[in-house]
Amino acid sequence: MCETVMAVSQLDIEPHPPENGFVTPETNISPDLLSRIDSGVLPSVGGFGRFQKQLIVLTWIPAMFIGFSQFSDSFLLAEPKTCAQVQRNNSDPSLNVTQAILNISLNNASNSANASSQCICTQSGCELEIGLEQNVVTKWNLVGDSAWMVHIAKFSLLVGSIFGYLVLGVLADWCGRHPVLILSVIFMFIFGMTVAFSVNVPMFSTLRFFEGFCLAGITLSLYALRIELCLPGCRFSMTMVANFVALAGQLLMPGLVVLCRDWQVLQAVVICPLLLMLSYIWIFPESLRWLLATQQYNRSKWIMERVAKKNNINLEEDAEELMTELNQALPKQAKKTCIVKMVGTRNLWKNIVVLCVNSLTGYGIHHCFARSLTEDQPTSIFSNFYAKYYTMGGTAVASCVALCPAVGVMGRRGGLLMFMIITALASLLQLGLLNLVGKYSVHLNIDDSGTLNSNFSMAFSIIGMFSSHAVSNLSIFFCAEITPTVIRGGGLGLVLASAGFGMLTAPIMELHNQKGYFLHHIIFACCTLICIICILLLPETRNRPLPETLADGEGYTRQPLLPPRKPGEQLLLLTKSESREYARVGDTNCFLGS
């Protein structure tokens, strides 16, 4: 009885962990300097110094060539605007082709089985409006009954990227970011150059699969290296600069196409600059953050000395305590972790799954808006290839521009929630409001309801593309911050693969000739509503140190709606004065009982 009373009397002085909200790093991280990378190690070697800035620039430059490769399908596999339609004369087999009727739209020809089966490409009968004299479609006559092979070829790069993200993400956690980057560059060059010498469509599609696989490794490893180089205050801005460089590659691609004129030359020009990245073998070091998180202290010491020397810092004098601790930790064995270990966590796997669903939804519904922009208004300006291409590129640029102040003011979770709400509203209004306008146009005295519907649909499509692009980019970045360093490659692989699945819906719908498109849009619209609820469960990571271990990742929990309690504060059943009075009563009872 006495022991129980004394325990109750000391409740007000014993520290207690917070029941909810973000657990501060001091709670979960051991006091040694090596585990405090953002606040201990990186500032000791120069913080975001000159050498780190040079490395960040080296991660930006390849982003333009990545943009070239990601959007090359729009030109290599573009379908011709017009083709020759063949009429057969059964009375004389020798006169098989009697007349070529030019200027028949390929889209119109594909609507009829008889017309599509007779559409062929000849030198004078196929016209490409993309600046190329010949591409894959016109070279191997992939029109009419062979048009399905175009969609299979479009699958190849995306499916290869999906597998690449999943496989190479795990390898990046096990072998390191640097080996994955270099090997991906080497094989990307080999497969990419071989694509230019393809002799048939199956060879082209197979090589594009492996090209996408290697492209995923370059994208993922550069993303991880970039974010692990930065301090908390500059992670987002450095990532957005890389996104702008990739968008510059998208916008410059048509000019590059006009200069090349041939699809094989274009493919070679896109791939050849990757040879310059072979110099990264000597220039770019392995991620110091990953080495420390996996306890590879021998390699960590060598890289820390190299970085400090580049930043004109003497570690033995300016970071004596850190180097002493590092030398004591040198005998420790490396500890590497696989992404499957996240299944045993309580909060981390939920955060990653939510962001994967957000990424998939963002890219999936982006295709719905892009399709509405062109297919629902066939006579509008967006029926032109360049108008559609630059509209999508312009909305992507505007989306990235809007992301910067939105995330700066509202944080990661608030910005993601806002753009997802805009996406959901644009989708629901496009699906529901336009039907109501057409139904009640007579009652509303609307003379030309068709034109009004077309204008509304165009506006909602542009707004939807704008917001869904922001959702996708922010989901990927958010996942990179939430995932611990020891499994960041695998976490990034999952969210990027989810984005690939979302983009894969576009060629799937084209393969089925847009059948089920309305249901497809409704499903993704419902997903946006689910995502809005799930986003509220995510933590806020702005200005927080990156988690290094699975335990650190578990500490990234959702902040409560009410202000979080201070560490050590516990809500007691009794107030302090009542607990003291109860303790005195208990002491009296113990004295009488003795």
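At least one donor-acceptor pair under 3.5 Å links the side chain of S279 to the backbone N or O of L276. A distance-only check finds no donor-acceptor pair linking the side chain of R177 to the backbone of L225 [under 3.5 Å]. Between the side chain of S359 and the main chain of S475, no donor-acceptor pair closer than 3.5 Å is present. A donor-acceptor distance shorter than 3.5 angstrom exists from the side chain of T485 to the backbone of P547, with no hydrogens or angles considered. In this structure, the side chain of S399 does not engage the main chain of T395 through any donor-acceptor pair within 3.5 Å.
Pairs engaging residues 467-509 under the ring-ring contact (aromatic ring centres under 6.0 Å, His included) rule: F236-F477 [sequence neighbours left out].
In plain terms, the two heavy atoms of C230 and M238 that are nearest each other are SG-CG, 3.6 Å. Residues L474 and G415 come closest through the heavy atom pair CD2-C, 3.8 Å.
The neighbour count for W60 CH2, taken as heavy atoms of other residues, nucleotides or ligands under 6.0 Å away, is above 12. By the neighbour-count criterion of 12 heavy atoms within 6.0 Å, atom CZ of F187 is sparsely surrounded, having that number or fewer from other residues, nucleotides or ligands. Around the NZ atom of K336, the shell of radius 6.0 Å holds more than 12 heavy atoms that belong to other residues, nucleotides or ligands.
In summary, of the residues considered (V45, L229, V307), a side-chain contact (heavy atoms from CB on, under 4.5 Å) with F51 occurs for V307 alone. R208 pairs in a side-chain hydrogen bond (donor to acceptor under 3.5 Å, both in side chains) with only one of the listed residues (S72, S198, S156), which is S72.
The aromatic rings of F191 and F210 lie parallel to each other, with less than 30° between the two planes, well short of the 60° mark.
Residues passing the side chain to side chain contact (heavy atoms under 4.5 Å, CB included) test with L251 are Y390, V397, sequence neighbours excluded.
Ion pairing between R346 and E554 fails under the 4.0 Å rule for side-chain N and carboxylate O. Salt-bridge annotation for R544 and D38: absent, with no side-chain N of the basic residue lying under 4.0 Å from a carboxylate O of the acidic one.
Looking at E286 and P179, their side chains come closer than 4.5 Å, going by heavy atoms from C-beta outward. Side-chain contact between L550 and L348: present, with at least one pair of heavy atoms (C-beta onward) separated by less than 4.5 Å.
Looking at T549 and D552, their side chains do bring a donor and an acceptor atom within 3.5 Å of each other.
L157 CG to L207 CG: the interatomic distance, rounded to the nearest 0.5 Å, is 12.0 Å.
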